[in-house]
Amino acid sequence: MALLKKILLIVNPIAGGVDKSEKIARVQDACKKRNIHIIILNTIGQNDVERIKAALKENKPDRVIAMGGDGTLKTIATALKGTN
């Protein structure tokens, strides 16, 4: 398995109506301990597919992590479709 150097964390801050700051902090801490650069992108409900595509192109992450619900996952899947 290739060494992870960069992760894109895509967060829907309003999904589930819960504060995600503690979960985000845990992901950040885990990445820091492993020397993995993390980029956090919050969805805003407008142009999210385009914003995600731009973040993928600009940052070229090794992995994408989703933090949200069904709609968030669908948005990310749409953005990832055809990116390889």
Side-chain angles (χ1 to χ4, degrees):
M1 184 164 140
L3 182 65
L4 291 178
K5 295 181 181 179
K6 195 181 301 183
I7 291 176
L8 175 62
L9 173 61
I10 302 171
V11 180
N12 181 338
I14 62 169
V18 296
D19 180 16
K20 293 168 190 65
S21 58
E22 184 179 319
K23 291 177 183 174
I24 292 168
R26 280 195 260 151
V27 173
Q28 288 175 312
D29 287 343
C31 288
K32 184 177 181 179
K33 288 177 185 175
R34 293 165 180 83
N35 293 319
I36 299 171
H37 179 68
I38 185 163
I39 301 103
I40 300 173
L41 175 68
N42 287 315
T43 61
I44 57 173
Q46 294 179 358
N47 302 316
D48 287 327
V49 170
E50 292 79 11
R51 292 176 63 245
I52 293 167
K53 284 182 179 184
L56 290 166
K57 184 177 180 179
E58 178 181 337
N59 297 292
K60 298 179 180 21
D62 299 305
R63 297 285 186 275
V64 175
I65 299 175
M67 192 177 293
D70 294 348
T72 306
L73 295 177
K74 181 180 182 211
T75 300
I76 294 168
T78 301
L80 288 170
K81 185 177 177 182
T83 58
N84 288 355

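Quick note: residue numbers are just sequence positions, from 1. Keep in mind that what you see is a predicted model, and the values were worked out from it rather than measured.
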Quiz prompt | Any side-chain heavy-atom pair of L9 and M67 under 4.5 Å | solution =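 Yes, close enough: below the 4.5 Å cut-off.
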Quiz item: Only one of V64, T75, T78 forms a side-chain contact (heavy atoms from CB on, under 4.5 Å) with I52, so which one is it?
Solution: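 It is T75; the other options fail the test.
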Exercise. Indicate the atoms forming the closest heavy-atom contact of I36 with L4, along with that distance.
Key: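 Scanning both residues, the minimum pair turns out to be CG1-O, 3.6 Å.
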Quiz item: Looking at A15 and G69, what are the two nearest heavy atoms and their distance?
Solution: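 So the minimum-distance heavy-atom pair works out to CB-N, 3.7 Å.
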Quiz item: Just how far is it from atom CG of L8 to atom CD1 of I38, taken to the nearest 0.5 Å?
Solution: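 Going from CG on L8 over to CD1 on I38, the span is 8.5 Å.
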Exercise. Would you give the length of the straight line joining atom CD of Q28 to atom NZ of K33, rounded to the nearest 0.5 angstrom?
Key: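 Separation between the atoms: 13.0 Å.
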Quiz item: Is there a chain of hydrophobic side chains (I, L, V, M, F, W, Y, each step under 4.5 Å between heavy atoms) that links V49 to L56?
Solution: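 Different clusters: V49 never reaches L56 through Ile, Leu, Val, Met, Phe, Trp or Tyr contacts under 4.5 Å.
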Quiz item: Does I44 share a hydrophobic cluster with L41, counting links as ILVMFWY side-chain heavy atoms below 4.5 Å and allowing steps through other members?
Solution: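 No; L41 is not reachable from I44 via cluster members.
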Is the count of non-hydrogen atoms from other residues, nucleotides or ligands lying under 6.0 Å from [X] atom [atom1] greater than 12?
{"X": "D29", "atom1": "CG", "answer": "yes"}
{"X": "K60", "atom1": "NZ", "answer": "yes"}
{"X": "I14", "atom1": "CD1", "answer": "no"}

Exercise. Could you note down all residue pairs passing side-chain hydrogen bond (donor to acceptor under 3.5 Å, both in side chains) where residues 12-26 supplies at least one of them, sequence neighbours left out?
Key: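 Pairs touching residues 12-26 that pass the test: N12-T72, D19-S21.
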Quiz item: Does any pair with a residue in residues 40-50 pass side-chain hydrogen bond (donor to acceptor under 3.5 Å, both in side chains), and if so which ones, sequence neighbours excluded?
Solution: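 Matches after skipping sequence neighbours: D48-R51.
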Quiz item: For N59, which residues count as a side-chain contact (heavy atoms from CB on, under 4.5 Å) partner, sequence neighbours excluded?
Solution: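 So N59 forms a side-chain contact (heavy atoms from CB on, under 4.5 Å) with K6, I39, A55, P61.
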